[in-house]
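A quick note: this is a predicted structure, and the numbers were derived from the prediction, not measured.
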Amino acid sequence: MDDAGQQPAGSQSHDPDFPERFIQFMRTGWRDSSLDTAPRVEAPNHAKRRADLSAAFPGETLVIPTGVESVRSNDTNNPFRPGTEHVWLTGEHDPDAVLLMRPTDSGHEATLFIRPRSPRDTDEFFRDRNHGELWIGRRHTLAEKSTELQLNTAHLDDLAAALDDCAPGRTRVLRGFDASVDARVRATEPERDGELAQVLSELRLVKDAWELEQLQDAVDATVRGFEDVARILPADRPVSERLIEGVFGLRARHDGNTVGYGSIVGNGAHAAILHWMRNDGRTRPGDLLLMDMGVENRNLYTADVTRTVPVSGTFSPLQRQVYEIVYRSQQAGIDVVRPGVGFDDVHQTCMRVLAEGLADLGVLPVSVDEAMDPSSILYRRWTLHGFGHMLGLDVHDCASARKEKYREGTLEAGYVLTVEPGLYFQPEDELVPAELHGIGVRIEDDVLVTPTGAQVLSAGLPRAAGEVESWLAAQREAGPRLP
């Protein structure tokens with residue numbers, strides 16, 4: 001990182017001291033510029049979402065921050081990812097922004113408080129390494145941002161006074177994103193703020209047409225990423241799990257924003273570790289390789305896909321038997337997805353197929369019915385997680401929704417969820433035959449609930465065992481490609 005420059009405050013020992021003559025010189029000779037902005041095509045969608053939120057809280061002030069940058073190390077920050085609810089309501093991606101919705105006779109008046117571009121009448125544009133234009137690039141003016149988002153804007157400097165003017169007991173804040181906002185608007189009844197988070201999650205359950213386009217875009221990029229990985233995966237020699245992670249990450253960064261979550265790349269016994277993200281192992285011919293990866297697209301919607309492939313190109317008979325149990329479980333779950341079906345009904349459908357498969361393997365110590373009994377669920381020893389979760393701007397989307405609207409609720413048209421059963425046999429498990437030790441299989445796809453059933457958004461990647469083998473061979477034959 002370039003060390004020429006000086007922070008106005010909190011400067012460090014390696015910062016140079018600018019002489020006055022240089023400072024005066026930097027203040028002169030700059031031509032003004034403007035951005036050619038136009039309303040975003042999705043701006044009406046954001047306006048409708050704000051109207052829906054307004055209808056849920058008439059007469060109350062609502063405060064939705066996006067969050068602030070976090071320090072990675074000393075004076076370097078982690079890449080900023082805007083708060084999900086904030087971006088869903090505004091489309092704004094920059095840090096520090098706060099949406100303030102004040103009640104009116106007809107609903108709410110929404111104002112987005114942002115940090116506008118560095119003005120040339122102060123030294124911020126060249127002296128502030130956190131916000132200065134010569135350091136991080138040009139931001140929008142208030143007018144430019146208002147045009148782009150079709151939303152009233154105000155300077156972030158005016159936010160404190162606006163929050164001080166919020167009526168006590170009639171204001172709700174989405175907390176946990178911006179400590180300064182949390183501190184300024186004190187919670188008299190914390191459960192009220194929890195209700196705001198809950199309603200926002202539940203409003204996001206049904207995806208609109210534009211959101212479905214974004215999710216398909218993220219899924220399509222993810223499919224290309226899996227193809228990229230298959231093309232560089234040798235059948236006859238080891239490579240590092242991190243090579244695979246990196247190749248997929250290249251696709252995610254090129255075709256989208258980044259990965260939607262830390263990629264899971266687990267070879268052999270690592271595949272039996274549900275959230276293996278160290279990715280410091282190596283592939284081995286004869287092993288299974290589990291890859292759980294997803295691209296977050298440029299509008300921050302993410303895919304979430306898992307494939308388990310035989311490194312050598314062909315499943316062994318036992319690997320195929322385990323794989324086909326998981327495949328049948330997933331297909332059974334997808335087949336029952338439709339509006340009105342209970343979330344738990346999909347879960348129970350997938351789990352029964354897994355339990356039956358475990359019985360066929362001779363692993364289950366009791367009958368399938370006893371294993372499935374809620375007071376037992378012994379089958380879960382080899383499949384700890386549920387069948388799936390909601391998907392959208394977050395990889396585990398709508399997490400603040402009430403149980404009765406989510407895990408204990410029914411599916412509705414427009415929901416997008418994953419279906420991802422798996423079986424995992426730990427190397428240390430003395431209750432399974434040794435030949436099963438270290439085998440982990442998960443198959444995960446992204447599924448849209450349609451008015452009449454289900455649509456697999458990630459159908460571009462094969463799932464059946466024979467099709468996976470053929471796909472892997474075809475990708476290897478095609479060879480590596482540039483993004």
Side-chain angles (χ1 to χ4, degrees), residues 39-67 82-116 140 142-178 180-208 210-211 392-393 398 400-402 405:
R40 289 189 189 173
V41 65
E42 67 270 23
N45 301 62
H46 294 124
K48 181 184 182 302
R49 297 167 194 169
R50 293 193 297 272
D52 291 341
L53 182 62
S54 172
F57 296 103
E60 302 192 52
T61 299
L62 308 175
V63 185
I64 300 96
T66 191
T84 291
E85 290 79 8
H86 181 93
V87 77
W88 185 75
L89 290 165
T90 68
E92 171 65 353
H93 287 201
D94 288 345
D96 303 320
V98 177
L99 175 67
L100 180 62
M101 296 177 61
R102 289 188 178 277
T104 65
D105 291 341
S106 58
H108 283 79
E109 179 183 54
T111 302
L112 181 65
F113 288 82
I114 61 170
R115 188 184 305 278
H140 290 70
L142 294 178
E144 290 166 346
K145 184 64 72 174
S146 182
T147 296
E148 183 180 72
L149 301 182
Q150 294 292 283
L151 181 59
N152 293 332
T153 56
H155 199 296
L156 190 62
D157 289 350
D158 299 329
L159 176 63
L163 294 179
D164 287 343
D165 195 38
C166 291
R170 301 291 294 172
T171 300
R172 299 178 191 256
V173 181
L174 188 66
R175 296 190 181 272
F177 288 88
D178 191 324
S180 64
V181 173
D182 289 351
R184 189 165 289 274
V185 186
R186 299 188 182 279
T188 54
E189 300 175 63
E191 62 274 12
R192 286 171 44 78
D193 294 330
E195 289 170 357
L196 173 60
Q198 168 203 298
V199 167
L200 280 165
S201 271
E202 293 177 6
L203 287 174
R204 294 194 299 107
L205 281 166
V206 174
K207 272 54 180 180
D208 61 37
W210 182 82
E211 290 183 290
L393 279 166
C398 309
S400 294
R402 291 167 295 170
K405 286 288 290 182

**Trace of the side chain to side chain contact (heavy atoms under 4.5 Å, CB included) decision for L149 with E92** = CA-CA 8 Å; L149 301 182; E92 171 65 353; 3.9 Å; yes

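- Distance CZ/F177 to OG1/T84: 6.5 Å, rounded to 0.5 Å.
- The side-chain heavy atoms of L163 and C166, taken from C-beta on, include a pair separated by under 4.5 Å.
- Between R204 and E85 the shortest side-chain heavy-atom distance falls below 4.5 Å.
- For R184 (side chain) and D164 (main-chain N/O), no donor-acceptor pair under 3.5 Å exists by modelled atom type.
- With hydrogens and angles ignored, the 3.5 Å screen pairs no side-chain donor or acceptor of R172 with any backbone N or O of E60.
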**L200 and L174: CA distance, side-chain angles, deciding distance, side chain to side chain contact (heavy atoms under 4.5 Å, CB included) verdict** = CA-CA 9 Å; L200 280 165; L174 188 66; 4.2 Å; yes

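- Using a 4.0 Å cut-off between charged nitrogen and carboxylate oxygen, K145 and E148 count as a salt-bridge pair.
- Side-chain N or O atoms of S146 include one that pairs as donor or acceptor with a backbone N or O of L151 at under 3.5 Å.
- In this structure, the side chains of L156 and I114 stay at 4.5 Å or more apart for every pair of heavy atoms.
- If you take CD on E202 and CG on D52, they are separated by 13.0 Å, rounding to the nearest 0.5 Å.
- In this structure, the side chains of H46 and T90 stay at 4.5 Å or more apart for every pair of heavy atoms.
- N45 CG to R50 CZ: the interatomic distance, rounded to the nearest 0.5 Å, is 10.5 Å.
- S201 approaches A401 most closely through the heavy-atom pair CB-N, 3.4 Å.
- At a threshold of 4.5 Å between non-hydrogen side-chain atoms, the residues V173 and L196 do not count as touching.
- When all heavy atoms of R40 and G91 are compared, the closest pair comes out as NH1-O, 2.6 Å.
- Between the side chain of D178 and the backbone N or O of D96 there is no donor-acceptor pair closer than 3.5 Å.
- Using a 4.0 Å cut-off between charged side-chain N and carboxylate O, K48 and D208 make no salt bridge.
- Taking 4.5 Å as the limit, some side-chain heavy atom of D165 sits within range of a side-chain heavy atom of R102.
- Taking CD of E211 as the start and CD of E42 as the end, the distance is 10.5 Å to the nearest 0.5 Å.
- Residues M101 and F57 are not in side-chain contact: their nearest non-hydrogen atoms beyond the backbone lie 4.5 Å or more apart.
- Here the CG atom belonging to D193 is positioned 12.5 Å from the CD atom belonging to Q198, to the nearest 0.5 angstrom.
- Listed for the R49 side chain is no donor-acceptor partner under 3.5 Å among the backbone atoms of L89.
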**Request:** Apply side chain to side chain contact (heavy atoms under 4.5 Å, CB included) to the pair T61 and R170, showing each step before the final yes or no.
**Result:** CA-CA 6 Å; T61 299; R170 301 291 294 172; 5.8 Å; no

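- Contact check for H86 versus L112: side-chain heavy atoms found under the 4.5 Å cut-off.
- Between the side chain of H108 and the backbone N or O of A110 there is no donor-acceptor pair closer than 3.5 Å.
- Checked by atom type and distance alone, the side chain of T153 pairs as donor or acceptor with a backbone atom of L142 at under 3.5 Å.
- Put simply, CZ on R192 and OG1 on T171 are 7.5 Å apart, with the number rounded to the nearest 0.5 Å.
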